[in-house]
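Each remark here refers to the structure printed beneath this line.
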Protein chains: 2
Amino acid sequence: MKRSDRIAETLEGLIIDGTFADGERLDEVQLAGRFEVSRTPLREAFQRLAISGLVEQIPRRGVFVRQPGPVQLVEMFEVMAELEAACARLAAARISDEALEEMKAINARCLEAVELRDTDGYYYENERFHAILYRQSGNSFLQSECQRLHRRLTPFRRLQLRSRGRLSQSMAEHEAIVAALEEGDAQRAAAETRLHVAVQGEKFQHLMSSLRPAAE
Amino acid sequence: MKRSDRIAETLEGLIIDGTFADGERLDEVQLAGRFEVSRTPLREAFQRLAISGLVEQIPRRGVFVRQPGPVQLVEMFEVMAELEAACARLAAARISDEALEEMKAINARCLEAVELRDTDGYYYENERFHAILYRQSGNSFLQSECQRLHRRLTPFRRLQLRSRGRLSQSMAEHEAIVAALEEGDAQRAAAETRLHVAVQGEKFQHLMSSLRPAAE
DNA sequence: GTCAACAATCTTGTATACAAGATGGGCAGA
DNA sequence: TCTGCCCATCTTGTATACAAGATTGTTGAC
C-alpha cells in the first residue's frame, strides 16, 4: 500500500491542475505503462480518486475525470464557508495567544504583498492563515475535513484571487476575523469568516460566468 | 466494480454494528472465503473502508478495525452539529411549505412514539426529520456530507436516545427547530439545530463515561 | 536459563492470466 | 441506401500466481 498511494497523489495533482480535462477517460493500461506498474495499483488509485469525487467510475466502461460544474462549485464553497465559520466559532473560545499573534503577523505580511501586487506571496500567506484557523478550532476532525475540502477547491480559490481589488478586500476580511477572535466573540468570528469564504465563491462564480457566457 | 461495492457495504455494516471489535484484524483470505470471492474485490472493499476511516491499513501488516475513540467521537458530534446547523441556516430561507408540513407531521408521530415509549419508532421518525433538514438546505453537496457523517455516527446516536428523558427533550428541540424554520429565522434555526445535535454528543459522552469509568 | 539470531511460514503487495460485458464495425436484407 | 443484427475486439472485473517483507518459533551460544 505504498505505490498506489503515490500514484493516487500524482493523479490527483494532475486532475486538480487541469492536466486531465473534464470528461477525459483515464486508460488503465496506458497509465500503468506510464507509471511502470501493473494495473492493480492503478485500479487502487482510481478507487481513491473516485471516492474523493475527482473521477467517476462507470462499471465496465472505465474511469472519467469529473471536474465539478458551476453549481457544484457554488455548493462546495457554501459548505467551505460553513465549515470555516465553525472553525472560527470554536476558535474564538479556544485560540491561543501565540496563534493570534501569528495570524496578525501573517496579516502584516499580507499587507506587504497587497502593496507589492504580489498575488503569489499573498496566496501563500493566505493559506497559512486558514491552516491556523482550522487548527485553532481545537477539533482535529473538523481540521481534517476542512483541509480536505480546502485542497479540493485549491485551483478555484487561486483563480478568484486574481479578481480586481480582491486582495485588499480579502485582507480587510482577515483583519475583521482576527479582531473578532481576539475579543472572543464567537458569533462575529463565525459571521466574518463565513462572509470571507462566501465572497470567494461569489467572486469565483462571477469570474466563471464572465469567462464563458451562456455555456450550454 | 459491483461485487466489491456490496462487500464494502456489508463490512461497513458489520463494523458499525460492532460485529467486528475495535482493533480486530480483518483477514483477507478468510473473508474472501466467507464471501466466496478472491482477495482482489476484498482488497478494494478494504480501501474504501480505510478511506472512510472505519479501518486502518498498516503496510505489510493488514487492516484493523478502528472504532473512533471518545475524543474523536466528541469531535465528530461537534462537526455534525455545525453541519446540521448550516443546513438549518440555509433551509430557513429555502425550505418548501411541503417539507415544513412534513416535518410537523413527523413531530406529531414522534410525540406518539414518546408517549408509547417506542424508542425504535422515534428513532425512525427522527432519521426522516434529519434527512429532510439536509435535503432542504438546497445544497446537495452539503446534503451528502451530512449523510456521510450521520451514517458514521449511527450506532452512537442510537445509544444516546436511550438516555433517560432524552426522547421528550429531543422532541422539544425538533419543535423549536421547525418553529424557527417556519419564521424563516436562519440565526435561530441554526442555533437550535446546533444545540440539538450537540446535546446528542454530550449525552453520549456522559453515557460513555458512566459505562466505563476511568477507562485507560 | 535467557537472549539473540536465523530460518520457516504466513501475509500482504504486485503482476499476470482469464472471464465477461460493452462497443463498434461490417455484412446482409429490405 | 439505410437499418438492424451479429461478430470481433477491446476494456474492465476477477482470480491466481509470484515476490517481498514481517512474524514467530526454534536452536545455539553465553
Side-chain angles (χ1 to χ4, degrees), chain A residues 1-16 18-69 148 216, chain B residues 1-16 18-68 144 148 216:
Chain A
M1 198 101 319
K2 204 169 52 199
R3 235 185 299 229
S4 62
D5 271 10
R6 283 209 345 269
I7 293 172
E9 273 180 45
T10 307
L11 287 177
E12 187 178 322
L14 290 173
I15 292 171
I16 283 179
T19 303
F20 292 119
D22 186 33
E24 187 173 345
R25 173 167 158 274
L26 298 181
D27 190 295
E28 281 185 14
V29 294
Q30 180 193 324
L31 287 170
R34 173 120 64 108
F35 287 107
E36 296 182 323
V37 293
S38 78
R39 281 172 52 216
T40 310
L42 258 173
R43 289 178 59 80
E44 296 193 348
F46 281 169
Q47 281 210 312
R48 292 182 40 167
L49 297 178
I51 291 170
S52 342
L54 288 138
V55 301
E56 187 182 357
Q57 277 183 318
I58 301 177
R60 295 275 177 201
R61 294 287 311 275
V63 307
F64 299 85
V65 177
R66 280 286 170 267
Q67 299 287 3
R148 197 169 55 94
E216 198 226 354
Chain B
M1 197 101 320
K2 206 169 48 198
R3 233 182 304 226
S4 62
D5 272 9
R6 283 206 347 267
I7 293 172
E9 273 179 46
T10 307
L11 287 177
E12 188 177 322
L14 291 173
I15 292 171
I16 283 179
T19 302
F20 293 118
D22 186 34
E24 188 173 344
R25 173 168 158 271
L26 298 181
D27 191 294
E28 280 186 14
V29 293
Q30 180 193 325
L31 287 170
R34 172 119 65 108
F35 286 107
E36 296 181 323
V37 293
S38 78
R39 282 172 52 215
T40 311
L42 257 171
R43 288 178 59 81
E44 295 193 348
F46 281 169
Q47 281 211 314
R48 293 183 40 168
L49 297 178
I51 292 169
S52 345
L54 286 134
V55 302
E56 186 181 358
Q57 278 183 317
I58 302 177
R60 296 274 176 200
R61 295 286 311 277
V63 309
F64 299 85
V65 177
R66 279 284 170 268
Q67 299 288 3
S144 65
R148 197 169 55 93
E216 199 223 357

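Just so it is clear: chains get the letters A, B, ... in the order the sequence lines come, proteins before strands, and each one is counted from 1. Everything numeric in this text was worked out from a predicted model, so none of it was measured.
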Closest nucleotide among [options] to the [X] side chain:
X	options	result
A:R60	C:dA22, D:dT14, C:dT12	C:dA22
B:R43	D:dA15, C:dT12, D:dA22	C:dT12
A:E28	D:dT12, D:dT16, C:dT14	D:dT12

Practice problem: May I ask you to decide if A:L54's main-chain N or O and A:S52's side chain share a donor-acceptor pair within less than 3.5 Å? | Solution: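 Absent.
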* Check whether any side-chain N or O of A:Q57 sits under 3.5 Å from a backbone N or O of A:L49 as a donor-acceptor pair, and report yes or no. =>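 Absent.
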Q) With sugar-phosphate meaning primed atoms plus P, OP1 and OP2, does B:R39 contact a base, only sugar-phosphate, or nothing at under 4.0 Å between heavy atoms? A)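 Since a base atom lies under 4.0 Å of B:R39, the category is base.
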With a 4.0 Å cut-off on heavy atoms, is B:V37 in touch with a base, just the backbone sugar-phosphate, or nothing at all?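 The answer is sugar-phosphate, as B:V37 gets under 4.0 Å only of primed atoms, P, OP1 or OP2.
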For [X] and [N], give me the distance from atom [atom1] to atom [atom2], rounded to whole Å.
X	N	atom1	atom2	answer
A:E36	C:dT16	CD	P	13 Å
B:R3	D:dT14	CZ	C1'	7 Å
B:F64	D:dT23	CZ	P	9 Å
A:L42	C:dA15	CG	P	10 Å
A:I58	D:dG13	CD1	C1'	16 Å

Next item on the list: Please determine which of B:E44, B:R43, B:E9 meets the side-chain hydrogen bond (donor to acceptor under 3.5 Å, both in side chains) test together with B:S4.
Entry: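 Looking at B:E44, B:R43, B:E9, the match for B:S4 under the side-chain hydrogen bond (donor to acceptor under 3.5 Å, both in side chains) is B:E44.
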Which sits closer to the 5' end of DNA chain D, A:T40 or A:R61, going by the nucleotide each is nearest to?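 The 5'-side residue here is A:R61.
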Is the shortest side-chain N/O distance from B:R25 to OP1 or OP2 of C:dT12 below 4.0 Å?
->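 Looking at the OP1 and OP2 atoms of C:dT12, one of them is under 4.0 Å from a side-chain N or O of B:R25.
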- [ ] Take A:I51 and B:R48, measure what side chain to side chain contact (heavy atoms under 4.5 Å, CB included) needs, and give me the verdict at the end.
- [x] CA-CA 8 Å; A:I51 291 170; B:R48 293 183 40 168; 3.5 Å; yes
